[in-house]
Every structure is written in structure tokens, then in C-alpha cells.
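Read the structure below first, then the notes.
These figures come from a predicted structure and were not determined experimentally. Atoms within each ligand, like the ligands themselves, are counted from 1 in listed order.
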Amino acid sequence: MAQGTSREIGPVVLLGPPGAGKGTQSKRIMEKYLVPQVSTGDLLRYNVAQGTELGMAAKAVMARGELVSDDLVCEMVRQRLSQPDCGRGYILDGFPRTAAQAGWLDALLDDKLFDNSRPTRAWPIVIRLDVDYNQLLLRITGRRSCPTCGRIYNVHFQLPSLDEVCDVDGQKLITRNDDRLEVIQPRLKAYQEQTAPVADYYQRTGRLIAVNGDQPVDEVTKQIFKILEDRQS
Ligand code: AMP
């Protein structure tokens, strides 16, 4: 991976159904532009693992593949974005996922707390990864991730060098609880019913850029980097 650059890229929103490659692409943007990935799914899973109040409220909802309430998720995001490492930009992965969350994010970015002269105050650049339905199913059922560094592998397309072990830190890879076949259907349904309208909202306001997520992963990354570079120039 090329060395990172500390140029400001402002807020980036990655939209797309589960398995579209948001996590993988977020990590690549993070490595290149040295801005944090703010994954609401990862934050919620962390809270579930830690047994926090938020985690306890979210656990059963997540296990059913449904969406956690807007209030809980927005408050979690507000706290995360107020941390100093988000000052030069951040990648929102898995948020906003409902029309209410998208409206909330616009209002937050309008808030006086954000310095008007900085790109992080700009409207987010919104990239949607479009992937064929059958491809999504293969990606989700084959997904394995490292519990320590979050690196993502796939038993169909992207195997680690050693069976079931992370290349980076040697941890045993895990299958996410909600990547089980019976939970995938409700997750995809939640995407169609609640998140697809978010993409429509950004499209109407001229902020949506669609990328063909069926292409090889490096090609998708190349196109995303170009979108981010074009915005800076
Ligand atoms: P993900 O890792 O993004 O697929 O998210 C895993 C699960 O966390 C989802 O199926 C939801 O239950 C929950 N979740 C993640 N992000 C959100 C969000 N923005 N709003 C509501 N629920 C969310």
C-alpha cells in the first residue's frame, strides 16, 4: 500500500448494502489519507462485546439483522466525531442508514461547533458501492474478520496466507454473528427499505457518486481515490 498523505479530505460517506465492500475500502482510504474509519457497525459490536448500556440495548436488534434506533446511533456518532482525530476528515461506514440519520448528519455538519473554514465542515462526499445481489451473498457468507485489527478476508475470494489466521497479527479469524444466512435476508431487507432512500436523498441533492463495486477490489479503490482527489482539486 502506498504511503499515506495528510491532505484534508473532509467527511466521506460510504453507502452500500452489507457486503458491498465498505469496510475494505474504508481501510484503504484510512491508510492513504490518514483519517479514521467511523464504522457504526464496529462501534456497536465493540459496545456489545464490552457489555455497555448501549451494547445491551443494541445486541438483540443486531442479532435479528434490524437497525438500532436512530437516537442511540446518532448519539454514538456525535461522540465519535467530536474526537480530535476526526478534525481533518473521517470515513463514515454504515452511517447514515436511515433518512432521519441523514438529516441529523446534515444538521450536525451545519452546527457552529464546526469551523466553517475547514473542509470537515463541508458537505460529505457520498460514494455508493453497487454490487450484484448474488455476489453480495457470497461476500457476506464467506466473510471472516480479524477481531483485533478488523482486517477482512473472504473464504471464496480473499484467503489469508494461513488458514483462518490474520496475516497481520496472527489472530484467529471470526465470522460475525450477523453474517449467518438467516440474518442476511433481514439485513438486505433493511437496506432496501431504509437505506436505499438515503441514497435517493443524496442523489436529489446532487451529492451521490455511484461506483461499480463488482469490479476487482483494487479498481474500486482506484476510482474512489480519484473521486477524493478530484474533490480536492
Ligand atoms: P454493519 O457492520 O455496518 O453491517 O452493521 C451491523 C449491524 O449494526 C446492522 O445490521 C445494524 O443492526 C447495526 N447498525 C450499524 N450501523 C447502523 C446504523 N447507522 N443505524 C442503525 N443500525 C446500525
Side-chain angles (χ1 to χ4, degrees), residues 11-27 29-30 36-50 52-81 90-109 124 126-129 131 133 135-147 149-154 173-199 201-202 213:
V12 178
V13 170
L14 280 189
L15 286 180
K22 302 186 297 294
T24 300
Q25 297 299 335
S26 294
K27 290 205 165 34
I29 301 171
M30 183 170 82
Q37 169 196 18
V38 177
S39 157
T40 44
D42 285 350
L43 288 170
L44 287 166
R45 279 185 287 278
Y46 175 80
N47 275 276
V48 170
Q50 296 294 309
T52 64
E53 205 176 317
L54 167 62
M56 286 191 291
K59 189 175 178 178
V61 180
M62 292 173 74
R64 291 196 299 270
E66 294 167 9
L67 295 186
V68 176
S69 83
D70 290 331
D71 287 353
L72 290 179
V73 175
C74 290
E75 176 54 21
M76 179 180 79
V77 170
R78 191 190 64 71
Q79 284 180 21
R80 180 65 189 90
L81 297 187
Y90 44 84
I91 309 142
L92 282 168
D93 162 7
F95 184 94
R97 231 165 165 119
T98 64
Q101 291 176 13
W104 177 89
L105 180 64
D106 277 356
L108 180 85
L109 294 172
V126 184
I127 299 171
R128 186 186 63 204
L129 300 177
V131 176
Y133 184 81
Q135 179 73 6
L136 282 180
L137 291 182
L138 278 179
R139 289 190 189 183
I140 305 174
T141 52
R143 177 155 61 186
R144 303 288 181 274
S145 56
C146 173
C149 71
R151 193 161 291 262
I152 297 159
Y153 301 86
N154 191 293
L173 301 180
I174 54 166
T175 303
R176 274 171 42 178
N177 197 31
D178 57 355
D179 279 349
R180 287 170 297 124
L181 207 53
E182 64 272 28
V183 189
I184 293 170
Q185 216 67 44
R187 288 173 66 204
L188 290 172
K189 187 163 172 265
Y191 180 79
Q192 274 313 323
E193 289 177 357
Q194 288 163 280
T195 311
V198 173
Y201 165 71
Y202 285 125

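Side chain of Asn47 to backbone of Leu43: a donor-acceptor contact under 3.5 angstrom is found. Judged by distance alone, the side chain of Lys22 and the main-chain N or O of Gly16 form a donor-acceptor pair under 3.5 Å. Under the 3.5 Å distance criterion, the side-chain polar atoms of Arg187 are left unmatched by any main-chain donor or acceptor of Pro18.
For Arg139 against Ala20, the heavy-atom pair with the smallest separation is NH1-O, 3.1 Å.
Using a 4.0 Å heavy-atom criterion, the residues that approach ligand 1 are Thr40, Gly41, Leu44, Arg45, Met62, Glu66, Leu67, Val68, Val73, Gly94, Phe95, Arg97, Gln101, Arg176, Asp178, Arg187.
Proximity of Tyr201 to Asp106: side-chain heavy atoms (C-beta onward) are separated by under 4.5 Å at one or more points.
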TODO: Decide side chain to side chain contact (heavy atoms under 4.5 Å, CB included) for Gln37 and Asp42; before the verdict, give the C-alpha distance in whole Å, the side-chain angles of both, and the deciding distance to 0.1 Å.
DONE: CA-CA 10 Å; Gln37 169 196 18; Asp42 285 350; 4.3 Å; yes
